[in-house]
Protein chains: 2
Amino acid sequence: MRASERAYAALRSDIIEWRLTPGTVLGEVELSERLGVSRTPIREALAKLSAEGLAKPQSGRGVVVSEISLDHLDELFELRSALECRAAELAAQRGDPAVFRALYEQLVNAGELLTSEDPTRYDYYRLVGELDTAVDAAVGNHYLNLALKNLRVHLVRVRRLGKDNPTRLRDAAREHAAIALAIANGNAAVASAATTVHLDNSLRHLLGTAAQELAHHHVSPEKGTP
Amino acid sequence: MRASERAYAALRSDIIEWRLTPGTVLGEVELSERLGVSRTPIREALAKLSAEGLAKPQSGRGVVVSEISLDHLDELFELRSALECRAAELAAQRGDPAVFRALYEQLVNAGELLTSEDPTRYDYYRLVGELDTAVDAAVGNHYLNLALKNLRVHLVRVRRLGKDNPTRLRDAAREHAAIALAIANGNAAVASAATTVHLDNSLRHLLGTAAQELAHHHVSPEKGTP
DNA sequence: GCAAGACCTTTTGTATACATAAATTGTGTA
DNA sequence: TACACAATTTATGTATACAAAAGGTCTTGC
């Protein structure tokens, strides 16, 4: 694996998993020492992160981990709604009903995956991710998929803002099941509407629980690893 | 201005304006000699172009100007429809009616801008661009605007595929006027529908005239400047 | 005591040299 | 003659040295 890719992957996961908090300054020399590579691959990694929106160039000098604020949440979900509603419509028109019916069956029982044994909710999020993947495959649109992929990077980062709430996750699974069912039935209008409802519920839940989390994480610009 | 920015801007306009055709290999040494800078800023420029989708890394080795095919056109317009329809809806809800009424007045008379004096249609496309800008401002969504900006890069590139057809441009102006009017009236549903109609007309016109153009441009991978 | 300017430090931008990997070409053998 | 393997060549990946710019600090003058 190339050093620039390793650096990129390391920084990316550090940012997504909140080990590097918003506002953290990403100095080239510091990172090159910490990751054990020269500045050249570090610069390439930072450029890629900036293009993705996970970091952004500080006015003229320096790169910092980009902010996630409550205002951003509204805007993020507005874009998400535009893309995912259309994706759901197209999947309903083009997808294989059997695939989505199978996903529906799994999703209605997804509550069972929410055991206290797995605090990271690995299996739960894997199943939800499978629905996303199936929708992407059914849509079969390179550009739309790319836009969704770019968006999901930020959504994973946002997920950490919400408290782990099994009740909400169970509801969310039911909403996902409704989407899968509408797609399986080939009903584009219902698929879109179910997506709208799901996203609205998710956003309101996040806004309700995220305020204190943000206040905790969103400290003034600091330097180095937390 | 930094050398990497100059290189990026030069390559970007070369690609958008078809001086570098799809499939052209972008060699680092060749470009560094042609543009008179070292490989380092060239690499940075190529990374940025790849992130934008204007170029893409050849399997493992080399970077080439990305392709534009008829299949891509369908997919590109599908994403465009998702983003612009939603943007039009939001602009109708949030925009200043006076701004869009003024744009409407200009757009209904846009046919007058299509003189034979200006074969590049500068004033025409500037006015259409003003509508885009006004919609972006009215929507006020950073993420949605960014997604639209990334998309428009490819649309400018695609524009060259269609023949210059004053009749179609006049029709397109009327369609834009209809969108502006719906936004001015605060009617989100009509704004979205008018956008859908406009994009469908544009796509069908492009597909009708682009086949021979593509056949002309889409030669097998070549090297160097055309 | 405050402000302005110069210098010094720190960090980024660029060039270049070197290492490494991939593609192509040439040669040998079947 | 065709295929395979190896060597050469060419391009990319990485490191490092140097240059330039931005920010901070210290000093000096008012």
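Just so it is clear: chains get the letters A, B, ... in the order the sequence lines come, proteins before strands, and each one is counted from 1.
Residues from residues 46-58 of chain A placing a heavy atom under 4.0 Å of any atom in DNA chain C do not occur. Taking a 4.0 Å limit (strictly below) on heavy-atom distances, residues 6-14 of chain A does not reach DNA chain D anywhere.
Contact check on A/E52 versus A/R12 returns a salt bridge, with a Lys/Arg side-chain nitrogen under 4.0 Å from an Asp/Glu carboxylate oxygen. A salt bridge is absent between B/E67 and B/R157; no separation between the charged side-chain nitrogens and carboxylate oxygens falls under 4.0 Å. Note on A/D14 versus A/R34: salt bridge recorded, some NZ/NE/NH1/NH2 to OD/OE distance being below 4.0 Å.
For C/dA15, the OP1/OP2 oxygens have a side-chain nitrogen or oxygen of B/S38 closer than 4.0 Å. Proximity of A/S4 to the phosphate of D/dT14: a side-chain N or O atom is located under 4.0 Å from OP1 or OP2. Contact check, B/R43 against D/dG13: a side-chain N or O comes under 4.0 Å of OP1 or OP2.
Both tests do not hold together for B/R2 against B/Y8: distance to the six-membered ring centre under 6.0 Å, angle to the ring axis within 45°. Figure legend: B/R204 and B/F77 shown without cation-pi pairing, the cationic atom not lying both under 6.0 angstrom from the six-membered ring centre and within 45 degrees of its axis.
A straight line from CD of A/E33 to P of D/dA15 spans 13 Å, rounded to a whole angstrom. Here the P atom of nucleotide C/dT10 and the CZ atom of A/R39 are 15 Å apart, to the nearest Å. Across the protein-nucleic acid pair, A/L26 atom CG and C/dT11 atom P stand 13 Å apart, rounded to whole Å. Remark: P of C/dG13 and CE of B/M1 are 14 Å apart, rounded to the nearest angstrom. Separating the CD atom of B/E44 from the C1' atom of C/dA15 is a distance of 13 Å, rounded to the nearest angstrom. Rounded to a whole Å, the CZ atom of B/R2 is 13 Å from the P atom of C/dA15. The nearest whole Å value for the distance from the CG atom in B/L35 to the P atom in C/dA15 is 11 Å. For the pair B/E28 CD and C/dA21 P, the computed distance is 16 Å after rounding to whole Å.
Side-chain contact, A/S192 with A/T195: no donor N or O sits under 3.5 Å from an acceptor N or O. In this structure, a donor-acceptor pair under 3.5 Å is absent between the side chains of A/H142 and B/H72.
Checking C/dT14, C/dA15, D/dA15 against every side-chain atom of A/P41, the shortest atom distance belongs to D/dA15. The side chain of B/V37 has C/dA15 as its nearest neighbour among C/dG13, D/dG13, C/dA15.
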- [ ] Under the side-chain hydrogen bond (donor to acceptor under 3.5 Å, both in side chains) rule, what do B/S202 and B/R168 come out as? Steps first, then yes or no, please.
- [x] CA-CA 8 Å; B/S202 294; B/R168 169 62 199 144; 3.0 Å; yes

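In B/H205, the NE2 atom is crowded: over 12 heavy atoms of neighbouring residues, nucleotides or ligands sit closer than 6.0 Å.
Along DNA chain D, the nucleotide nearest A/G36 and the nucleotide nearest B/V63 are compared for position; the residue whose nucleotide lies closer to the 5' end is B/V63.
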